[in-house]
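For reference, the structure is listed below as C-alpha cells.
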2 protein chains.
Amino acid sequence: MKKNSNYPNTRIQRQKRLQILEAALKIFSTHGYRGSTLDKIALEARISKPNLLYYYKSKQEIHKELINGLMQKWLAPLREMKKNGEPIAELRSYIRRKIEMARDFPRESRLFNNEITQGAPHIKDLLEGELKELVEEKAKIISAWMEEGKLRKVDAYHLIFSIWATTQHYADFDVQVCAILGEEKSKKRFDEAAKFLEQLYIGGLKPEK
Amino acid sequence: MKKNSNYPNTRIQRQKRLQILEAALKIFSTHGYRGSTLDKIALEARISKPNLLYYYKSKQEIHKELINGLMQKWLAPLREMKKNGEPIAELRSYIRRKIEMARDFPRESRLFNNEITQGAPHIKDLLEGELKELVEEKAKIISAWMEEGKLRKVDAYHLIFSIWATTQHYADFDVQVCAILGEEKSKKRFDEAAKFLEQLYIGGLKPEK
DNA sequence: TTAATATTTTTCCAAATGGTCAAAAATTAG
DNA sequence: CTAATTTTTGACCATTTGGAAAAATATTAA
C-alpha cells in the first residue's frame, strides 16, 4: 500500500508544480489572464493539458497561486524599511531594491500590473487589508522622519506611490523604454535609472537648510 | 440613385462609429484586448454584433483605430513643451497636464498600458519611429536647459520616463491607490498627487547654488 | 513480484467567440 | 411614390478553449 493519498507531496509533485508555475508566469505575464490558454501554458511547461489539470484544478487556481506567491515577494523591500535606520539611507536602499526587482523579476511585475489594471478582481481584499496596513505603517515612519526634519515634508503616501511607479515602469514598459533609448543606451537602462532616481529623490527630499 | 457609395460618410456613419469606439474603449480598457468580446462591445454600444461588424471589419480594426487615435492625444502635452519657455515652468505645466490626463482619461491610459505591457504588438513601429524622435527632440531641449544651468543635471530620458510613470500610475493603478488611501483621502488623490509631484520634481530639479 | 497508487495520455464535449451571409427594414434620391 | 442604397438583424459556422472521463502507463510499498 502507499502512504497518504489525500494530498501527496512527493518530489515529483513539487517539481511539476514549480514547472507549471514557471510556465504560467511566463504566459500570464505576456498575454494577460484572458489571453493565456491552458494549451500554451501546458506547451511551455512541456506537459499535456490534462496533465496540467491534474496538478491544478483550473486555470483560476494557477493564477491565484501565482498572485498570492507574488505579493509577499513584492512587498518584501517595503517591509524592510526600518524606523531606526537613517532616513535617507533607508529610502535610497528601498529604491535600489525596487529597481533591482524590476530588472530581475519583470514578469512578476507585469502580472501584478495586469491584475491591478483590470480592477484587481482577485486581490481586492489583500489591497484593502494587508497592503493598506503595511503602507499606513510605513507612511507613518516616513512622516515621523519628516517631522524630525530629516526629510523635506511631502505626502508620504504619494511618495511611496511614486517610488512604485518609477521603478515598476522599467519592468512593465520595458518595450517602450528600449524602443526610445535605442540599442546602445538600452543596455545601461537599469543603471542609468537607478542613478537618475537617486538624484531625483535624494536631491529632492533632502531637507532645505 | 444615391451618391458616392464606396465610402459613405453620413451623419449616421460618423455617429455610430463614435458610439462603437466609445464602447470599445470602455471594454478594452477594462478587460484588455483578449478579454474583450465583440458581444460585450456591441452590447455596450447598444447595437447587434453583425451591425458592429458592418462598421468595422474586425475586432483588430476597432482596436487599431483606438490605439492610433489615442497616441496623438497622449503625446500632445509633451509636444507642447517649448524650447523657448522657462524651464521650470515648462516642466511644471507638463506634469500638471499629464496628471490631468490621468484623471480625465484613465481608460485611454489603461488601454495604452495594456498594449505596452504585452509587448506593444500593434504599435512597435510607432514607438521606434514617431515616439522615439519626439522624445529625442524633447530630451535635447531639456539637456540644453541643464547645460545652461537652468536645471540640475540629470538624464533627460529617464526624467521623461519618470514623469510618465508617476502620472500614469494614478490612472492605471487607481484601484490600488484608492484601496490604500481609503475613502476620504481618495477624494483628493489627484490634487495631492499634483502637489506632491510638483514638490518632488521642482525641488529636486532646481539647480543647486 | 504484485497490488495499490500516482501520473500521463487519448478522446471527447459544451460553451464562447470572431466572423459570414442573405434577407429584412429603413432611409434617401429623384 | 418608387427604386436604389444603406443599415440592421437573425441564423449560422468554424475554431478555440476550459475542462471532464476513463483508460493506459508508470511508480512504489510490501
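As the structure is a prediction and not an experimental result, all values here were calculated from the model. Because only heavy atoms are used, hydrogens play no part in the values below, and waters and symmetry mates are left out as well, while side chains stay in. Naming convention: chains lettered A, B, ... in sequence-line order (proteins, then strands); numbering from 1 in each chain.
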Rounded to whole angstrom units, what separation is found between the [atom1] atom of [X] and the [atom2] atom of [N]?
| X | N | atom1 | atom2 | value |
| --- | --- | --- | --- | --- |
| A:His31 | D:dT16 | NE2 | C1' | 15 Å |
| B:Leu43 | D:dT8 | CG | C1' | 16 Å |
| A:Tyr33 | D:dG18 | OH | P | 8 Å |
| A:Phe28 | D:dG18 | CZ | C1' | 12 Å |
| B:Gln19 | D:dT8 | CD | P | 9 Å |
| B:Ile47 | D:dG10 | CD1 | P | 13 Å |
| A:Ile20 | D:dG18 | CD1 | C1' | 15 Å |
| A:Glu61 | D:dG18 | CD | C1' | 14 Å |

Pair of N/O donor and acceptor under 3.5 Å linking C:dG19 base with B:Lys57 side chain: no
Any N/O donor-acceptor pair, B:Lys59 side-chain to C:dG19 base, under 3.5 Å: no
Reference residue A:His158; test side chain to side chain donor-acceptor pair (under 3.5 Å); the match among B:Lys195, B:Glu192, B:Gln199, B:Arg189: B:Glu192
For [X], report the nucleic acid contact type (base, sugar-phosphate, nothing); a contact means any heavy atom under 4.0 Å.
| X | value |
| --- | --- |
| B:Lys16 | sugar-phosphate |
| B:Leu38 | sugar-phosphate |
| A:Ser48 | base |

Lys/Arg-Asp/Glu bridge criterion (N-O < 4.0 Å) met for B:Glu80, B:Arg96: no
Nearest to the [X] side chain among [options], which nucleotide is it?
| X | options | value |
| --- | --- | --- |
| A:Pro50 | D:dA21, C:dT7, D:dG19 | D:dA21 |
| A:Asp39 | D:dT8, C:dT8, D:dT17 | D:dT17 |
| B:Tyr55 | C:dT9, D:dT8, C:dT20 | D:dT8 |

A:Asn51 vs C:dT7: side-chain N/O to OP1/OP2 distance below 4.0 Å: no
Distance test, side-chain N/O of B:Tyr54 to OP1/OP2 of D:dT7, below 4.0 Å: yes
Closest-nucleotide ordering on DNA chain C, the 5'-leading residue of A:Leu52 and A:Arg34: A:Leu52
Side-chain donor-acceptor pair present, B:Tyr170, B:Ser109, cut-off under 3.5 Å: no
Other residues, nucleotides, ligands: >12 heavy atoms within 6.0 Å of B:Lys140 NZ: no
NZ or CZ of B:Lys83 within 45° of B:Trp145 ring axis and under 6.0 Å: no
